[in-house]
*Asks:* 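One structure coming up, written as structure tokens, with questions to follow.
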Amino acid sequence: MKPVVLQMGALPDWDQGPLEAQFDVRAFFAAEDGNAFLRDNGESVRAIVTRGELGADSTVLDACPAVELVAVYGVGFDAVDMAACTERGIRVTNTPDVLTEDVADLGVGMMIALSRETVQAAAWVRSGRWASEGNYPLTTRVHGRRVGILGMGRIGQAVARRLQGFGVSIHYADLAPLDDQPAWVHVDNPVALAEAVDVLFVTLAASARTRHIVDAAVLSALGHNGQLINISRASNVDESALLDALEGGTLGAAALDVFEGEPAIDPRFLALDNVLLLPHCASGTVETRQAMGQLVRDNLDRHFAGDALLTPVN
């Protein structure tokens with residue numbers, strides 16, 4: 001018999017078909033009554049497939065007493081109750097590496113779009129204002145700026161490598177300096193990092209320790225000409241403090257791919273013209289999503305075959 005897999009959220013068709021071919025998939029996301037669905041199916045579930053923003057909380061885990069593996073379609077696993085998984089011996093996997101380059105690509109693109117105001121300039125053309133009012137107002141250069149990266153993991157390093165081509169100076173904050181990158185300046189803490197740079201990228205993995213690590217003090221240190229770019233998780237930034245800083249002019253601008261409560265974002269963002277808003281799409285390419293789905297299935301296959309997991313997080 002195929003192992004029973006609880007699927008928390010929808011996946012693309014190219015992943016859904018192979019998943020259903022390999023496993024007995026129970027689609028939680030399609031249920032009208034989630035609690036009733038768990039009561040009817042939970043006892044037989046041996047693995048959970050979920051997306052990063054959906055996770056698997058204690059209610060789901062408690063309803064699935066035989067679960068052995070939580071396979072996350074994404075890098076972030078902060079929505080998974082890791083303490084409960086560790087206590088019960090439930091393994092957790094995610095899909096790192098395969099999305100690193102696309103996220104870094106978009107992050108750098110966001111920096112360019114924010115500094116050169118490409119979205120606004122395109123609207124200037126489409127609205128007819130170029131013809132009626134003349135050239136678009138001057139913007140801010142990208143090359144030669146001081147860039148900070150908060151979190152020098154896979155994605156942070158990929159961003160830094162790309163930015164070297166722009167002739168920027170790179171500063172970063174992480175648990176320890178990188179021995180193989182002497183040209184990148186290690187800074188001890190987020191506030192000192194923000195004080196040293198013009199643009200601050202947030203590329204941290206999310207955890208209880210990093211929640212709101214970018215707070216009012218960091219935003220104040222970044223300053224009224226500073227720019228914040230978040231391609232990590234929304235919880236890493238104090239969203240209320242960010243909105244206050246953007247509205248009050250104590251922060252110059254922000255480019256955001258993630259939000260608290262997304263997709264229902266705080267309406268205060270919509271009234272601002274100094275923020276670039278993207279719909280959590282940094283890894284949203286066909287190539288990366290196909291690779292993510294394959295890695296989820298490969299981890300499931302290896303688990304049920306008794307082999308070592310490819311990308312465990314616990």
*Asks:* Does CG in Leu270 sit with more than 12 non-hydrogen atoms of other residues, nucleotides or ligands closer than 6.0 Å?
*Replies:*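 More than 12 within 6.0 Å, yes.
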
*Asks:* Which pair of heavy atoms, one from Ala56 and one from Val70, lies closest together, and at what distance?
*Replies:*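 For Ala56 and Val70, the tightest heavy-atom pair comes out as CB-CG1, 4.4 Å.
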
*Asks:* List the atom of Val72, the atom of Thr95, and the distance in Å for their closest heavy-atom pair.
*Replies:*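 Here Val72 and Thr95 meet closest at O-CG2, 3.5 Å.
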
*Asks:* Side-chain donor-acceptor pair under 3.5 Å between Gln181 and Gln157, yes or no?
*Replies:*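 Note: Gln181 and Gln157 side chains miss the donor-acceptor criterion.
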
*Asks:* For a quick check under 3.5 Å, do Ser232 and Asn230 share a side-chain donor-acceptor pair by atom type?
*Replies:*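 Short answer, yes.
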
*Asks:* Filter on salt bridge (charged side-chain N to carboxylate O under 4.0 Å, His left out), then keep only pairs touching residues 245-258, sequence neighbours left out; what's left?
*Replies:*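 Checked against salt bridge (charged side-chain N to carboxylate O under 4.0 Å, His left out) - neighbours excluded - the pairs reaching residues 245-258 are Glu247-Arg268.
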
*Asks:* Is it true that the side chains of Glu260 and Ser235 contain a donor and an acceptor less than 3.5 Å apart?
*Replies:*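 Glu260 vs Ser235: no donor-acceptor pair found between side chains.
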
*Asks:* Give a yes or no on this: more than 12 heavy atoms of other residues, nucleotides or ligands lie within 6.0 Å of atom CG of Asp13.
*Replies:*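 12 or below, so no.
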
*Asks:* Decide if atom CH2 of Trp14 counts as having more than 12 heavy atoms of other residues, nucleotides or ligands within a radius under 6.0 Å.
*Replies:*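 Yes, the 6.0 Å shell around CH2 holds more than 12 heavy atoms from other groups.
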
*Asks:* With no hydrogens and no angle check, do the side chains of Arg145 and Ser115 hold a donor and an acceptor under 3.5 Å apart?
*Replies:*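 Side-chain D/A pair, Arg145 to Ser115: present.
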
*Asks:* Side chains of Leu251 and His224, heavy atoms from C-beta outward: is any pair under 4.5 Å?
*Replies:*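 SC-SC contact between Leu251 and His224 ruled out.
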
*Asks:* I'd like to know if the side chain of Thr288 and the backbone of Thr285 have a donor-acceptor N/O pair within less than 3.5 Å.
*Replies:*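 No: the side chain of Thr288 does not pair with the backbone of Thr285.
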
*Asks:* Is Leu242 close to Leu219 at the side-chain level, that is, under 4.5 Å between some pair of heavy atoms?
*Replies:*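 SC-SC contact between Leu219 and Leu242 confirmed.
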
*Asks:* Which atom pairs, one a donor and one an acceptor, fall under 3.5 Å between side chains of residues 158-166 and the rest of the protein, sequence neighbours left out?
*Replies:*
| residue | atom | partner | partner atom | Å |
| --- | --- | --- | --- | --- |
| Arg162 | NE | Asp105 | OD1 | 2.7 |
| Arg162 | NH1 | Glu101 | OE1 | 2.9 |
| Arg162 | NH1 | Ala158 | O | 3.1 |
| Arg162 | NH2 | Glu101 | O | 3.3 |
| Arg162 | NH2 | Glu101 | OE1 | 2.6 |
| Arg162 | NH2 | Asp105 | OD1 | 3.0 |

*Asks:* In the structure I gave you, are the side-chain heavy atoms of Met82 and Asn314 within less than 4.5 Å of one another anywhere?
*Replies:*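 Yes. Closest side-chain heavy atoms under 4.5 Å.
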
*Asks:* Between Ser283 and Asp102, does any side-chain donor sit less than 3.5 Å from a side-chain acceptor?
*Replies:*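 The answer is no; no qualifying pair exists.
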
*Asks:* Is it true that a side-chain atom of Asn41 and a backbone atom of Ser44 form a donor plus acceptor pair closer than 3.5 Å?
*Replies:*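 No: the side chain of Asn41 does not pair with the backbone of Ser44.
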
*Asks:* Do we see a donor-acceptor contact under 3.5 Å between the side chains of Gln294 and Gln290?
*Replies:*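 Distance-only check fails for Gln294 and Gln290.
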
*Asks:* What is the distance from atom CD of Glu239 to atom CG of Asp244, rounded to the nearest 0.5 Å?
*Replies:*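 Reported value, rounded in 0.5 Å steps: 11.0 Å.
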
*Asks:* Just wondering, do Met110 and Ile231 contact through their side chains at under 4.5 Å, heavy atoms?
*Replies:*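 Yes, at least one pair of side-chain atoms sits under 4.5 Å.
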
*Asks:* Would you say Met111 and Phe201 make side-chain contact, with heavy atoms under 4.5 Å?
*Replies:*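 The answer is yes; the side chains approach within 4.5 Å.
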
*Asks:* Taking the side chain as every heavy atom from C-beta outward, state whether Leu11 and Gln16 have any pair of such atoms under 4.5 Å apart.
*Replies:*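 The answer is yes, as the side chains (C-beta and beyond) meet within the 4.5 Å cut-off.
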
*Asks:* With a 4.5 Å cut-off on side-chain heavy atoms, are Ile213 and Val237 touching?
*Replies:*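 They are not in contact (no side-chain heavy atoms under 4.5 Å apart), so the answer is no.
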
*Asks:* Examine the side chains of Asp62 and Ser58 and answer whether a donor and an acceptor come within less than 3.5 Å of each other.
*Replies:*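 Asp62 vs Ser58: no donor-acceptor pair found between side chains.
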
*Asks:* Looking at every non-hydrogen atom in both residues, tell me the closest pair between Phe269 and Leu256 and how far apart they are.
*Replies:*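 Nearest heavy atoms, Phe269 then Leu256: CE2-CD1, 3.5 Å.
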
*Asks:* Would you call the rings of Tyr172 and Trp184 parallel, tilted or perpendicular if under 30° counts as parallel and over 60° as perpendicular?
*Replies:*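 Aromatic pair Tyr172/Trp184 classed perpendicular.
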
*Asks:* Pairs in or reaching into residues 291-307: which pass salt bridge (charged side-chain N to carboxylate O under 4.0 Å, His left out), with residues at least two apart or in two chains?
*Replies:*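 Counting only pairs at least two positions apart or across chains, the salt bridge (charged side-chain N to carboxylate O under 4.0 Å, His left out) contacts touching residues 291-307 are Asp15-Arg297.
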
*Asks:* Between the side chains of Arg116 and Thr139, is a donor N or O closer than 3.5 angstrom to an acceptor N or O?
*Replies:*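 Yes, a side-chain donor-acceptor pair sits under 3.5 Å.
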
*Asks:* Are any non-hydrogen side-chain atoms of Leu228 and Val202 less than 4.5 angstrom apart?
*Replies:*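 Heavy-atom side-chain distance check passes, below 4.5 Å.
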
*Asks:* With distance as the sole criterion, is a donor-acceptor pair present between the side chains of Asp78 and Ser207 under 3.5 Å?
*Replies:*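 The criterion, which ignores hydrogens and geometry beyond distance, is not satisfied for Ser207 and Asp78.
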
*Asks:* Any side-chain to backbone donor/acceptor pair from Asp57 onto Val60? Under 3.5 Å, distance only.
*Replies:*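 Yes: the side chain of Asp57 pairs with the backbone of Val60.
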
*Asks:* Between Gly9 and Leu54, what is the shortest heavy-atom contact and its length?
*Replies:*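 Smallest interatomic distance, heavy atoms only, reads CA-CD1, 3.5 Å.
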
